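For clarity, every value in this text was computed on a predicted model and none was experimentally measured. Order of the sequence lines sets the chain letters (A, B, ...), proteins ahead of strands, with each chain counted from 1.
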Amino acid sequence: MIAGDLRVFLTVSAVMFCIGVYGILSRRNAIGVLLCLELMANAVNLNLVAFARFSTGTMGQVFTLFAIALTVAEVVVGMALVILLQRTHRDIRLDVAEEMRG
Amino acid sequence: MIGTLFLLALLSLVLLCSVQVARCPDLVHSVLWLAVTLLSTACVLVWLAAPFLAGIQIVLYTGGVITLMLFGVMLTHRDATAVVPNPIQRPAVALVAAVTLLAILLAAIWRTPELAPAAMSPQHEVTTLQIGQVLLAEQLLAFEVLSVLLLAAMVGAIVLSRRKDP
Amino acid sequence: MLEAANQGFPILSAIVITPLLAAVGLLFVPDDQRSVVRGVSLAGSALSALASAWLAWRYLVEAPQGGWLFVEHHELVPALGISYTMACDGWSASLLLLTGIIIFAGTWASFSLEERAREFFIFLLVLVAGVYGVFVAQDLFVFFLFYEIAVLPMFLLIGIWGSSGKVAAAGPFARAFRMLDVGGREYAAMKLTLMLLVGSALILASFLAMALTAGSFLMDDIGNAALPFWLQWFAFPALWVGFGTLAGLWPFHTWSPDGHAAAPTAVSMLHAGVLMKLGAFGVMRVGMVLLPDGATHWAFVVGSVACVNIFYGAMSAMSQQDLKYIVAYSSVSHMGVVMLGAATLTVTGWNGAIYQMFAHGVMTGLFFALVGVLYDRTHDRWVPRMGGFARIMPMVTVGFVVAGLSSLGMPGTAGFVSEFLVFLGAWEVRPWWAVIGVIGAFVTSIYVMKAVRAIFFGDGPPERFASLTDATGTERVAPWVLGLCLVVFGAWPKFLLDMIDATTPGYLVPIFEAMARGAQ
Amino acid sequence: MNAVELAALTVLAPLVVAVFLIVAAPVRRNGVLAPGLSVLGSLVSLVGAGALLLRQIFGLDPDLTVERQWLVAGGETVARVGITVDGTSAAMLAVVTFVAAMVQIFSLGYLSDEPEEDRGRYFTWQSLFLFSMLGLVVSPNLLQLFACWELVGLCSYLLIGYWWRKPSAAKAAVKAFWVTKFADMGLLIGLVLLYYHTGAFEWGPGAVEQLAAAGSDPEKTPWVLPSVAVAGLMFFAVMGKSAQFPLHVWLPDAMEGPTPVSALLHAATMVAAGVYLIVRAWPLFEAAPVVLNTMAIVGGLTALLAACMAIIQTDIKRVLAYSTASQLGYMIAALGAGSVLGGFFHLTTHAFFKALLFLSAGSVIHAVHTNELSEMGGLWKPMKLTALAFGVGAAALAGLPLMSGFTSKDLVLEGLYKAASAPQPVLWFPFLACLFTVGLTSFYMSRVFLRAFFGKSSRRAYRAHEGGWSMRVPMMLLAVPAVAAGWPVATFAQTTGLFEPHIGLLHFTPVGGIALGFSVVGFAVALMVHASGGSGGMVSALSPLGDLIRLSLVDRAYDLAYRQALNIAAGVGWFDRYMVDGVVNAIGALTLLLGRWSRHLQTGRVGDYVYAVVGGLVLLAAWSQMISWVVL
């Protein structure tokens with residue numbers, strides 16, 4: 001049975017995560033990267049809930065809740081950064097912002 | 001049986017939409033595909049007996065995050081043409097990296113005997129009441145810390161995105 | 001030792017805290033009120049100095065046969081055997097006295113400081129608190145804590161208030177010299193701190209190995225634990241090099257000339273006068289007493305390297321033209337005498353080593369105080385450009401000669417007592433150690449008298465220095481105090497030597513046992 | 001007051017004065033108070049020492065030693081300080097304090113033109129010197145003697161450098177310090193060796209026995225007998241302090257100091273400290289015959305060479321300096337021959353007449369403002385007293401009968417002759433050298449006397465006149481013992497415990513007669529040379545010989561050694577700066593380079609970091625897989 005197999009959910013989560021990785025690697029637009037980051041976060045959440053379903057206790061879901069809240073915070077700060085980038089560089093392509101280079 | 005098929009369809013939808021998010025040339029479309037991904041993930045969460053989390057997912061992500069993203073796109077592309085470009089660079093290399101990663105993950109998932117159905121089977125369901133009790137009793141500190149973090153993120157976002165010092 | 005814990009007033013903690021309190025007090029003094037800044041720092045250093053003098057006196061009265069006094073014991077982390085344990089023996093008492101004298105004189109010597117005086121004194125007082133702490137801490141954890149407190153402020157003190165010299169890039173490593181800006185004060189501060197930190201890493205590793213094997217950080221417990229020989233075999237050289245780096249051990253001494261030359265007056269006084277002693281004290285108190293098997297096994301190497309230190313340091317000093325470098329290299333040479341005394345593992349040698357710590361501390365403090373006065377006026381450290389200064393600076397001349405005499409071991413100064421004791425001890429073990437020591441003292445007489453002649457005697461002074469003045473007002477305090485100490489403790493060493501000698505034989509017991517074990 | 005209290009008063013009075021003058025700067029800068037206090041201190045010492053000597057002569061005091069613990073180790077005494085009073089120290093105390101008092105009074109007049117501050121400094125050091133010297137004399141053990149030995153060396157340095165503005169004076173001071181310090185290494189090592197074998201710094205028969213026992217101990221297998229090593233090392237220090245060849249080079253240069261300093265330190269007392277050391281530690285030396293023979297030979301050689309050098313000097317003080325070295329050679333040779341009485345008695349008489357000679361030379365220099373003999377002449381008329389004093393001193397030095405020098409020199413020569421015919425054939429050389437030197441001594445002293453006080457008056461002589469009472473009185477007082485100190489030789493011998501039965505009043509032996517013959521010949525030659533128009537031609541004829549001895553052999557060797565030492569030091573300094581420190585800096589530079597290179601890893605592109613994460617994950621997976629392979 002597929003529905004009773006944890007590995008199915010984990011697989012879907014892993015694929016989604018890797019799609020996110022692909023997106024981050026290939027996107028140049030900062031918002032695009034942010035979107036793919038969301039994809040990865042979502043994959044992680046799915047992963048967590050799946051594990052929670054297949055084990056006892058409430059902590060799995062509570063933890064996911066925290067993770068979602070964190071993701072939201074991350075998006076907020078990320079978007080602020082994107083807007084800052086737009087303001088300082090007139091461009092939100094990430095390879096333009098290279099001040100961090102050593 | 002129908003349930004299984006429905007689940008399969010749902011999971012396929014999640015993956016397909018994810019692919020669209022990653023490869024769609026128009027940024028606005030990407031955002032919308034993400035919305036669909038998140039919604040369908042919420043459905044999977046329901047399937048995984050986490051209705052409360054599904055609700056949170058819909059309200060926060062699909063409601064809040066997507067709106068925020070769209071705002072972001074609008075704010076950064078004020079010369080609103082039809083298509084917001086979302087160019088792609090070196091897709092082949094990125095694909096190789098992603099596939100390698102996937103291979104490792106899949107190998108880890110499918111070759112670990114502890115994850116097989118024999119060892120892992122669905123346990124009892126968790127009610128929203130239980131979540132609430134855990135949040136406000138055992139994990140109160142973490143809960144409060146998280147609220148402080150959210151506040152900090154908010155303040156940080158405001159500080160970062162405001163105009164130069166008056 | 002712990003039986004007597006926590007009886008009466010915790011004088012040792014008070015001595016450590018006094019400078020810290022003064023430093024905290026300075027935080028609340030406005031920067032522009034220089035006289036208040038000076039007053040507070042002087043109060044802090046003078047109080048702690050007085051307390052340490054009182055302590056030394058009490059020790060002589062109450063423990064003429066040795067033993068521990070003023071024990072304080074409070075558990076910190078019982079699970080790991082870490083405690084706040086302070087106690088005072090004859091060695092601690094004499095070295096506390098030294099620290100008190102030097103910081104008292106050093107505070108007076110830095111009264112002419114104009115730039116950011118408040119911050120300077122804060123760092124100085126924090127540093128001194130660390131030094132006091134190291135000498136009385138009986139728990140390796142706390143010991144290390146104080147050690148780092150004593151070492152680290154140096155970076156800021158030299159980096160901010162120091163002076164730069166010039167070193168030509170030459171030799172096979174010329175490129176490295178150009179790259180690092182050798183001779184600059186930032187360079188000196190960085191080099192000093194980094195080299196000492198590498199030493200600290202070795203010390204920490206050995207401390208952990210010792211304490212975890214013994215199950216306690218308390219020095220007494222570690223001493224009683226009879227650590228396995230292989231551990232001692234590794235830990236002793238690590239401690240020797242680690243502490244030795246601070247004690248100017250050859251070839252890890254090169255931070256010393258640059259650091260002391262770049263440092264401001266009071267910092268040079270403290271660093272060469274007291275901090276280098278922390279290193280030697282650590283080698284003896286922790287390395288040798290707690291690791292007797294390792295110490296007896298490595299004693300020959302320690303003593304031979306000490307001989308290299310003595311002779312090499314003296315020859316290097318002879319070749320220098322920069323006044324501060326001469327004094328700094330002489331410190332390297334004299335710390336060699338301390339290490340030589342330590343390596344003898346005899347009562348006379350150890351008495352001499354501790355006495356030499358005291359004598360050299362006061363002597364080099366005096367040297368740097370006078371060099372400070374000289375530099376303050378001339379803004380020049382290059383000896384060949386000087387000459388005939390005795391005419392304009394008689395007081396500096398006399399002080400310099402007194403310090404020089406002590407450094408070359410003139411009877412009647414403290415340097416003679418210590419060097420002589422060390423030679424007596426060294427001859428018992430290996431006569432050629434003593435011979436090299438004596439030759440080193442002769443070479444010292446050459447470079448000291450050469451410098452005295454070049455700076456103070458002869459025609460002169462040169463035109464541009466002719467209108468300079470002698471040490472005035474507050475600048476006279478440090479030379480007087482230190483010079484008197486040199487002569488008093490040289491003419492009548494009994495006071496200090498009795499105190500040291502009360503403690504030394506007890507510390508040598510495990511060493512003699514280890515020797516007996518090694519002979520079998 | 002018992003003897004030790006009296007001795008303590010004697011020793012400590014100058015110390016109190018010195019410390020007070022050092023601390024109380026205003027008093028020191030006072031031109032009346034400072035010299036006054038200093039003279040007062042030395043007079044107190046003189047009275048104390050005189051009383052001590054009288055009590056010793058009349059046997060009122062037993063030999064007494066009081067000591068206090070000074071250094072400890074393990075609760076046991078390592079070293080003591082104290083005071084010992086016996087005939088030897090009492091006699092030496094009296095000599096030192098008397099000469100010192102005379103010299104200090106003389107200095108009042110001699111230095112009256114100096115600035116007050118400099119004079120204060122001078123008298124402070126004089127007092128300090130007197131204390132050190134007296135402390136040396138009363139030492140009950142070798143360590144205290146060594147300490148005071150070093151202190152008198154320090155005072156010598158300070159006083160030679162009195163005119164430190166003159167580069168030559170500064171150089172001479174440092175040279176004296178270095179040479180004596182070099183020699184003192186011997187004494188220091190000897191002390192350590194002595195302590196190692198005997199556990200104390202005593203010089204008595206007990207120590208000798210222990211040294212002998214250590215020498216026969218097969219386990220210790222010394223490559224030199226400990227007794228020989230100790231005595232030899234100590235003698236090395238004596239060579240430095242008492243200016244024996246080849247460590248005599250500092251003494252002539254030391255004449256850069258004021259003349260009273262030369263009189264007190266570099267003629268009468270300090271340079272004699274070496275001789276006194278041998279007298280005191282005689283048991284240690286007696287046990288090492290090899291060292292004794294070496295001493296005799298070195299002494300004889302020094303006596304001869306220094307006398308040769310004295311002949312060709314044109315500077316009056318340098319003549320006297322070389323003469324001092326020569327006379328010290330006599331003492332050392334006598335001691336080497338085993339004649340303690342001869343050496344010690346010659347020390348005593350020499351102190352008086354050489355101090356007198358220097359003071360009268362100082363009087364001359366004060367009057368004519370030059371040291372050069374060629375610019376003197378005809379001073380008899382304006383300075384009759386000085387001329388007489390110098391004449392008495394010269395006669396004593398030359399060993400004319402009834403003069404103090406005659407008796408003591410006779411004792412020395414007799415001792416040498418006896419030892420040589422004992423038979424110890426090696427000692428014929430010092431005996432003959434010393435005998436011949438008598439003639440040379442007589443010659444050069446007569447030359448100086450005639451050259452300075454008779455003959456054609458120089459330009460400077462017309463303005464010359466005697467100094468004030470403070471300069472005349474000491475000369476007169478010193479002239480008394482310079483003549484008469486030789487008479488009570490029997491009393492001296494008895495007091496110091498060196499009595500030999502054949503010594504009677506006015507000692508005279510055949511050897512003394514021969515020596516007198518040499519002396520007369522020397523005087524006659526000098527008279528002839530003087531009559532034939534001065535000694536200038538002879539000096540220039542002999543000076544190449546002097547150059548050969550002085551420059552080529554000794555001074556040049558020292559200069560070379562010093563320069564070589566500086567070169568080696570420069571090499572060590574270079575090595576330290578550019579090799580040892582170079583390695584440190586190279587490590588630093590390497591770290592910098594590494595940082596510069598590795599910072600290129602920080603591209604600032606997000607993608608690169610994600611690739612790094614993926615790569616890391618791959619590595620991790622590979623590693624964990626490997627682990628599982630190993631485990632399974």
Side-chain angles (χ1 to χ4, degrees), chain A residues 1-12 14-23 25-29 31-32 34-36 38-39 42 45-46 49-50 52-56 58-62 64-66 68-70 72-77 79-84 86-87 92, chain B residues 3-4 7-8 11 14-15 18-19 21-22 27 30-31 34 38 41 44-45 48-50 53 56 60 64-65 68-69 72-73 75-76 86-91 94-95 97-98 101-102 105-106 109-110 115 117 120-123 126 130-131 134-135 139 146 149-150 153-154 156-157 160-161:
Chain A
M1 277 300 285
I2 295 175
D5 193 345
L6 172 64
R7 293 177 293 187
V8 172
F9 296 98
L10 295 186
T11 307
V12 171
V15 172
M16 190 154 50
F17 188 84
C18 291
I19 292 170
V21 169
Y22 166 79
L25 290 178
S26 59
R27 288 299 195 196
R28 294 177 65 198
N29 189 309
I31 296 182
L34 217 51
L35 292 180
C36 295
E38 288 311 302
L39 220 48
N42 198 47
N45 287 345
L46 181 60
V49 177
R53 177 77 181 99
F54 288 84
S55 62
T56 54
T58 50
M59 280 310 296
Q61 291 204 15
V62 174
T64 316
L65 200 59
F66 286 149
I68 290 176
L70 280 176
V72 171
E74 171 232 310
V75 170
V76 170
V77 176
M79 284 315 295
L81 283 173
V82 168
I83 288 170
L84 192 67
Q86 163 72 18
R87 185 171 303 147
I92 56 169
Chain B
T4 307
L7 180 63
L8 273 180
L11 293 177
V14 169
L15 293 181
S18 305
V19 171
V21 172
L27 193 56
S30 273
V31 177
L34 181 65
L38 296 178
T41 312
V44 178
L45 293 188
L48 285 170
L53 281 181
I56 297 283
L60 266 183
V65 172
L68 197 63
M69 294 280 186
V73 175
L75 277 173
T76 50
N86 191 9
I88 283 178
Q89 59 175 4
R90 290 189 291 175
L95 196 64
L101 189 59
L102 184 63
L105 290 177
L106 288 182
I109 291 166
W110 290 95
L115 294 177
M120 300 289 273
S121 58
Q123 306 285 326
V126 177
Q130 281 173 315
I131 293 178
V134 170
L135 269 185
Q139 302 295 326
L146 194 72
L149 180 86
L150 284 173
M154 200 168 76
L160 280 176
S161 57

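- Of the listed residues (A/Gly23, A/Cys18, A/Ser26), the one with the most heavy-atom contacts under 4.5 Å to chain B is A/Ser26.
- Between chain B and the options A/Gln61, A/Glu38, A/Glu74, heavy-atom pairs under 4.5 Å are most frequent for A/Gln61.
- Most heavy-atom pairs under 4.5 Å with chain B: of the set A/Ile83, A/Val49, A/Thr64, this distinction falls to A/Val49.
- When every heavy atom of A/Arg7 is checked against every heavy atom of B/Leu115, the shortest pair comes out as CG-O, 3.6 Å.
- Residue contact with chain A, scored on non-hydrogen atoms closer than 4.5 Å, involves the backbone and the side chain of B/Leu101 alike.
- Qualifying side chain to side chain donor-acceptor pair (under 3.5 Å) partners for B/Thr41, counting only residues two or more places apart in sequence or in other chains: A/Asn42.
- Among B/Ala94, B/Ala50, B/Ala97, B/Ala98, the residue with the largest count of heavy-atom pairs under 4.5 Å with chain A is B/Ala94.
- Of all the listed residues (B/Leu15, B/Leu105, B/Val19), the one sharing the greatest number of non-hydrogen pairs under 4.5 Å with chain A is B/Leu15.
- When the candidates A/Val12, A/Val72, A/Val82, A/Val77 are compared by the number of heavy-atom contacts under 4.5 Å with chain B, A/Val12 comes out ahead.
- Not a single side chain to side chain donor-acceptor pair (under 3.5 Å) links A/Asn45 to another residue, sequence neighbours left out.
- Proximity to chain B is limited to the side chain of A/Met79, based on heavy atoms less than 4.5 angstrom apart.
- Checked by atom type and distance alone, the side chain of B/Ser18 never pairs as donor or acceptor with a backbone atom of A/Met16 at under 3.5 Å.
- Per-residue heavy-atom pair counts under 4.5 Å with chain A were compared for B/Ile109, B/Val134, B/Leu149, and the maximum is reached by B/Ile109.
- Only the side chain of B/Ile56 comes within contact range of chain A, with heavy atoms under 4.5 Å apart.
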